[in-house]
Amino acid sequence: MGDSYLAEDVLQEVFLYVAKNFSKIHRENCHELAAYLVSCSRSRAYSFYPSTG
């Protein structure tokens, strides 16, 4: 991200999203959960960057 405050905001957004959807997340396979968290984090990080188009 290049900015620790933006990174903290992204992490907070992901945490809130996971908390809201906790019952839907499969916790049986830790590798799938890790991939899901990375995907959510990446998606949220992209949403914090202004569009260049």
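What you see is a predicted model; the values in this text were computed from it and never measured.
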side-chain contact (heavy atoms from CB on, under 4.5 Å) partners for Tyr17, two or more places apart | Asn21, Tyr36, Cys40, Arg44

Do you reckon Leu6 sits in the same ILVMFWY cluster as Phe15, going by side-chain contacts under 4.5 Å, direct or chained?
-> no

Applying side-chain contact (heavy atoms from CB on, under 4.5 Å), run through Gln12 and Leu16 and close with a yes or a no.
-> CA-CA 6 Å; Gln12 182 177 5; Leu16 291 173; 4.2 Å; yes

Once you round to the nearest 0.5 Å, how far does OG of Ser4 lie from CG of Leu11?
-> 12.0 Å

Distance-only, no hydrogens or angles: does the Ser43 side chain make a donor-acceptor pair with backbone N or O of Ser39 under 3.5 Å?
-> no

